**Q** 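Please read through the structure below; I'll follow up with questions.
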Amino acid sequence: TQAQYQIYDSFGAKNQFWGCELGLFGSRQRRRWSLDGAVRLAIGATRQDLDVSGQTSVTQAGITTTNSGGFLAQRTNSGNFDRNRFTLLPQFDVALGYKMTDTWTASVGYSLLYWGQVLRATDQIDPVVNPGLLPPEQIPLTGDLRPEARLHQTDFLAHGITIGLEKRW
């Protein structure tokens, strides 16, 4: 008889920053032009949360059996993992403005933010799989306990552009 397989893998990563921010702000104006800038540094902790789960359902002869563990999410790397890391987040902002009339100002700006030591879901996937762990698991199991939980950290760089039009009454 033929069997139908439904395999589900889930890798979810969440990062939360808790801290304070210090910064220097400056502004320069010349005739109708203005230039604003800021340099900031946030100091604190990043809470990293990783949630890995998997499930395999096999339907054969109208009977469905469900086992924990998918293809890349096995008992060897499934679960919820969390930890805190000391973090520095530098940010740089600059904006150029032009006063078109006494009440209207147009501006364009750029921002750069760097956040180190973050978890991203795709970086947590271990591509090495021990076929003996695929549900239903082989007994006795031979080979490495792979895939394994990685908790691999990476950096996050965000760029932003702002375009503004301001009306003062």
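Because the structure is a prediction, the values reported are computed rather than measured. All values below come from the heavy atoms of this structure, side chains included, with hydrogens, waters and symmetry mates left out.
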**Q** Between Ser27 and Asp36, is there a side-chain donor-acceptor contact under 3.5 Å, judged purely by atom types and distance?
**A** yes

**Q** Consider side-chain contact (heavy atoms from CB on, under 4.5 Å). Of Trp115, Tyr114, Phe156, which one does Leu89 pass it with?
**A** Trp115

**Q** Just how far is it from atom CG of Asn67 to atom CD of Gln55, taken to the nearest 0.5 Å?
**A** 9.0 Å

**Q** Heavy-atom count around Phe71 CZ within 6.0 Å, excluding the residue itself: above 12?
**A** no

**Q** Yes or no on side-chain contact (heavy atoms from CB on, under 4.5 Å) for Trp33 and Leu96, after CA distance, side-chain angles and deciding distance?
**A** CA-CA 7 Å; Trp33 293 94; Leu96 180 65; 3.9 Å; yes

**Q** Which residues satisfy the side chain to side chain contact (heavy atoms under 4.5 Å, CB included) test with Thr162, sequence neighbours excluded?
**A** none

**Q** Looking at Leu165, I want to see if its CG is surrounded by more than 12 non-hydrogen atoms of other residues, nucleotides or ligands under 6.0 Å.
**A**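 Atom CG in Leu165 is packed in, count exceeds 12.
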
**Q** Which distance, rounded to the nearest 0.5 Å, do you find between the OH of Tyr5 and the CG of Leu134?
**A**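 Between atom OH of Tyr5 and atom CG of Leu134 there are 10.0 Å.
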
**Q** Any donor and acceptor pair, going by atom type alone, linking the side chain of Thr101 with main-chain N or O of Lys99 inside 3.5 Å?
**A** no

**Q** Could you walk me through whether Asp123 and Arg150 pass side-chain contact (heavy atoms from CB on, under 4.5 Å), step by step?
**A** CA-CA 8 Å; Asp123 291 333; Arg150 299 183 79 182; over 6 Å; no

**Q** Are side-chain heavy atoms of Leu50 and Asn80 found at a separation under 4.5 Å?
**A** no

**Q** With distance as the sole test, does Gln124 use its side chain to make a donor-acceptor pair with the main-chain N or O of His152 at under 3.5 Å?
**A** yes

**Q** With a 3.5 Å cut-off and no angle check, do the side chains of Arg47 and Gln16 form a donor-acceptor pair?
**A** no

**Q** Please check if any side-chain donor atom of Thr64 sits under 3.5 Å from a side-chain acceptor atom of Ser57, or the reverse.
**A** no

**Q** If every non-hydrogen atom of Glu148 is compared with every non-hydrogen atom of Asp126, which pair is closest and at what distance?
**A**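 Nearest pair, atom of Glu148 first, then Asp126: N-OD2, 2.9 Å.
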
**Q** Could you state whether Ile161 and Leu113 fall into the same hydrophobic cluster, counting links through intermediate Ile, Leu, Val, Met, Phe, Trp or Tyr residues with side-chain heavy atoms under 4.5 angstrom apart?
**A** no

**Q** Please report the closest heavy-atom contact between Arg83 and Leu151, naming both atoms and the distance.
**A** NH2-O, 3.1 Å

**Q** Looking only at side chains, do Ser78 and Ser53 share a donor and an acceptor under 3.5 Å apart?
**A**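 Looking only at side-chain atoms, Ser53 and Ser78 do not form any donor-acceptor pair under 3.5 Å.
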
**Q** Counting only heavy atoms not in Asp155, do more than 12 sit closer than 6.0 Å to its CG atom?
**A** yes

**Q** Any chance the side chains of Gln48 and Gln153 put a donor and an acceptor closer than 3.5 Å?
**A**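 Judged by distance alone, the side chains do pair up.
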
**Q** Set out, in order, the CA-CA distance, both residues' side-chain angles and the distance that settles side-chain contact (heavy atoms from CB on, under 4.5 Å) for Asn130 and Leu141, then state yes or no.
**A** CA-CA 9 Å; Asn130 180 344; Leu141 179 65; 3.9 Å; yes

**Q** Take Leu112 and Leu157, measure what side-chain contact (heavy atoms from CB on, under 4.5 Å) needs, and give me the verdict at the end.
**A** CA-CA 7 Å; Leu112 176 68; Leu157 192 61; 3.6 Å; yes

**Q** Check Arg168 with Glu166, please: is the shortest side-chain N to carboxylate O separation under 4.0 Å?
**A** yes

**Q** Does the pair Arg40/Asp93 count as a salt bridge with the N-to-O cut at 4.0 Å?
**A**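 Judged by the 4.0 Å cut-off on N to carboxylate O distance, Arg40 and Asp93 do form a salt bridge.
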
